[in-house]
Amino acid sequence: MKNVIVIGAGLSGLTVSHLLAKSGNQVTLLEQAGHVGGCLCSFCQNDIRFETGFHFVSGLTRFTPVYRLFRRLGLTRLPWQELKEIEVHIGSATYCLPCSIRQCKRYLTHLFPEQKENLKTYFNTLDTIAHCSLKQTLPYWERNAWEWLQTTITNPELINVLSSMSLIIDLRKQSLPLFSYAEIMWGILSSTKRLRGGGQTLIERLENNAKKAGVRILCHATVTQILESETGVTGVQLSDGQCLSADTVVSSLHPHNTISLLGDNTHIRKIYARRISNLPSTPGCFTVNVQLRKDALQLPLHPIYVHEDDSLWDEVSNNRHLMLYTYPEQDALDILMPMTWQQVEQWKDAPHQHRGADYEAFKQQMAKHCFLLAEKALPHLREYIVSYNCSTPLTWQHYTHTFEGSAYGTYKDCRSIETTLLAPKTPLQGLFLTGQSLVQHGIVGTAISAYFTASMIDPKLKIKL
């Protein structure tokens, strides 16, 4: 039996804690906030409950690794709502892609009949990647997604359609791995689900799971240092000066933040620390939480992706692409647009809530831009707005302490996958990583990484993924 401390009670922290405790280990889960959940948490404005980072789950279909893990965690029995389609706007064109591989293939073949055989190859490859064991995915990590698309699909318009839902991974021609692209696209097009009650429903189940398994959860517990000796980790020190002992420490924080918790005299290899510190992070998000006039606008239940033009494979964070997530029962919606840290870095040292008139003007300018772009999908949206609130990567960093407000962890680069694809085990004995920077971004990748980490700490864990 191991004595384990897990830092961070988000999805990965709760999951790895539950798995390890259920396997017979002594687990303490530390959370700096006053409640568990991390980016799964929701918040209220004007009596409307908005989501922070959880909006929908894709790829939750039978016989896939994530389904088997969710079933093991009791998450498949939650009140999921199956969505029928994803709405996409590219320039002046609109597409309604069914959330069913078979129906989507039929739909796209009807629109692009000359691409019938190419589409067959495309979906067969995505299906292979989705169902192969995780140990067999390395060749797909090392292959370039853009180059594969160019050789598989010969119609540029269809390439854009088949790339239109990949905002969260950033469409980088030179470096995006095929695995990252395929997992996102296959997941969304095979099955996309919302959850009644949103992230809070997921948090409650995960927290209940952890407590039943015997996990000790401590909130308002901020870790200031990971303690170690010459032989490995010995525990952690908290902001109140308290030291907790452990022979194993799991960090679900951003890898950069994990390295910053090691002391100046750490025994971890310097080359490893430099590698982690230099990993580029994915963009954050500019988010507009919008309250609408009651019953004034018929909001669809499905997500909507809006692209100002066909420049999807240029830099995504160029203010020309966004996603709309609706709350029809509350007459509200979220507008999410990728935003880099560099766009807000000039205000990083200003106190929260008092970043000055320039920052507020910047947010209002970006919100107006979002409204104009969103009206491609929801005409006259501005006429129905009662109120709205804006947040940037600075907001995300303040509340989640994620490095530079990154929404999806670190980038993966097919040209140097051995450097950018992180393993759970670090060179420091007893120190492990978990979270979306390890395997894949989003809910699915975060949950899978928790399994990887737990099974590496405790080989007795038997879940065939």
Side-chain angles (χ1 to χ4, degrees), residues 56-70 82-88 90 95-173 175-193 303 305 312-313 412 414-415 417 421 439-445 448 464-465:
F56 57 83
V57 171
S58 60
L60 196 57
T61 60
R62 290 181 181 275
F63 311 117
T64 60
V66 68
Y67 180 85
R68 288 191 286 269
L69 180 58
F70 270 46
E82 190 80 49
L83 302 184
K84 294 182 178 179
E85 64 182 18
I86 303 293
E87 185 177 332
V88 173
I90 304 176
Y95 308 89
C96 295
L97 301 172
C99 294
S100 158
I101 294 293
R102 181 180 298 179
Q103 293 177 25
C104 187
K105 190 188 303 182
R106 187 182 304 127
Y107 172 78
L108 292 174
T109 300
H110 174 73
L111 293 180
F112 303 92
E114 82 287 355
Q115 297 292 307
K116 181 178 180 179
E117 292 303 314
N118 292 342
L119 282 166
K120 185 183 296 183
T121 301
Y122 173 90
F123 282 109
N124 285 344
T125 303
L126 261 59
D127 195 60
T128 298
I129 294 173
H131 288 90
C132 71
S133 71
L134 293 171
K135 293 181 180 179
Q136 298 173 327
T137 60
L138 183 58
Y140 303 111
W141 281 111
E142 295 177 328
R143 191 166 182 182
N144 181 290
W146 170 252
E147 291 176 359
W148 175 77
L149 265 176
Q150 290 284 292
T151 58
T152 305
I153 304 295
T154 57
N155 184 307
E157 181 184 355
L158 179 54
I159 288 177
N160 279 330
V161 174
L162 293 172
S163 307
S164 58
M165 293 162 283
S166 301
L167 283 182
I168 72 168
I169 56 173
D170 211 349
L171 298 174
R172 294 162 285 119
K173 286 184 178 179
S175 59
L176 179 64
L178 174 56
F179 181 85
S180 295
Y181 167 83
E183 281 288 288
I184 294 296
M185 293 303 298
W186 184 90
I188 291 176
L189 295 179
S190 66
S191 172
T192 298
K193 299 180 180 181
Y305 291 84
L312 276 69
W313 281 86
K412 306 297 183 292
C414 63
R415 299 167 299 182
I417 204 64
L421 189 61
V439 183
Q440 183 63 295
H441 309 303
I443 299 293
V444 170
I448 292 293
K464 184 179 179 182
L465 298 187

Going by heavy atoms in the side chains, are K412 and W141 under 4.5 Å from each other?
-> yes

Interatomic distance, OG@S164 vs CD@E87, rounded to 0.5 Å, equals 11.0 Å

Sequence neighbours excluded, the answer for side chain to side chain contact (heavy atoms under 4.5 Å, CB included) partners of S58 is I188, T192

Please round to the nearest 0.5 Å and tell me the distance separating atom CD of Q103 and atom NZ of K84.
-> 10.0 Å

Test side-chain hydrogen bond (donor to acceptor under 3.5 Å, both in side chains) applied to Y122 - qualifying residues, sequence neighbours left out = Y181

L149 backbone acceptor or donor facing T152 side chain under 3.5 Å = no

Partners meeting side-chain hydrogen bond (donor to acceptor under 3.5 Å, both in side chains) with Q115 (sequence neighbours left out) | N118, T154

So how far is it from E142 CD to L421 CG, rounded to the nearest 0.5 Å?
-> 9.5 Å

Residues in side-chain hydrogen bond (donor to acceptor under 3.5 Å, both in side chains) with R102, at least two apart?
-> none

Tightest non-hydrogen contact, residues S175 and R415, listed as CB-NH2, 3.5 Å

How about V66 and I443: do any of their side-chain heavy atoms sit closer than 4.5 Å?
-> no

Partners meeting side chain to side chain contact (heavy atoms under 4.5 Å, CB included) with L111 (sequence neighbours left out) = Y95, Y107

Atom pair CG (L97) and SG (C104), whose distance is rounded to the nearest 0.5 Å | 5.0 Å

Minimum heavy-atom distance between A145 and P177, given as atom pair plus value | CB-O, 3.8 Å

Residues in side chain to side chain contact (heavy atoms under 4.5 Å, CB included) with I129, at least two apart?
-> T125, Y140, L178, F179, A182, E183

Would you say the side chain of I101 lies within less than 4.5 Å of the side chain of W186, judging by non-hydrogen atoms?
-> yes

Listed once per pair and sorted, the salt bridge (Lys or Arg N to Asp or Glu O under 4.0 Å) pairs that draw on residues 106-117, sequence neighbours left out | E117-K120

Note, C99 side chain near L189 side chain (heavy atom, < 4.5 Å) | no

Which residues satisfy the salt bridge (charged side-chain N to carboxylate O under 4.0 Å, His left out) test with E82, sequence neighbours excluded?
-> K193

With sequence neighbours excluded, tell me which residues meet side-chain hydrogen bond (donor to acceptor under 3.5 Å, both in side chains) with S100.
-> none

What are the two closest non-hydrogen atoms of R143 and C414, and how far apart are they?
-> O-CB, 3.8 Å

Side chain to side chain contact (heavy atoms under 4.5 Å, CB included) with K173: which residues, sequence neighbours excluded?
-> W146, W313

Side-chain heavy atoms of L171 within contact of L176, under 4.5 Å | yes

State, with a plain yes or no, whether a side-chain heavy atom of T128 is found less than 4.5 Å away from one of F123.
-> no

So how far is it from L312 CG to N160 CG, rounded to the nearest 0.5 Å?
-> 5.0 Å

Enter the distance from Y67:OH to S191:OG here, rounded to the nearest 0.5 Å.
-> 10.5 Å

Min side-chain heavy-atom separation L119-L162 under 4.5 Å | yes

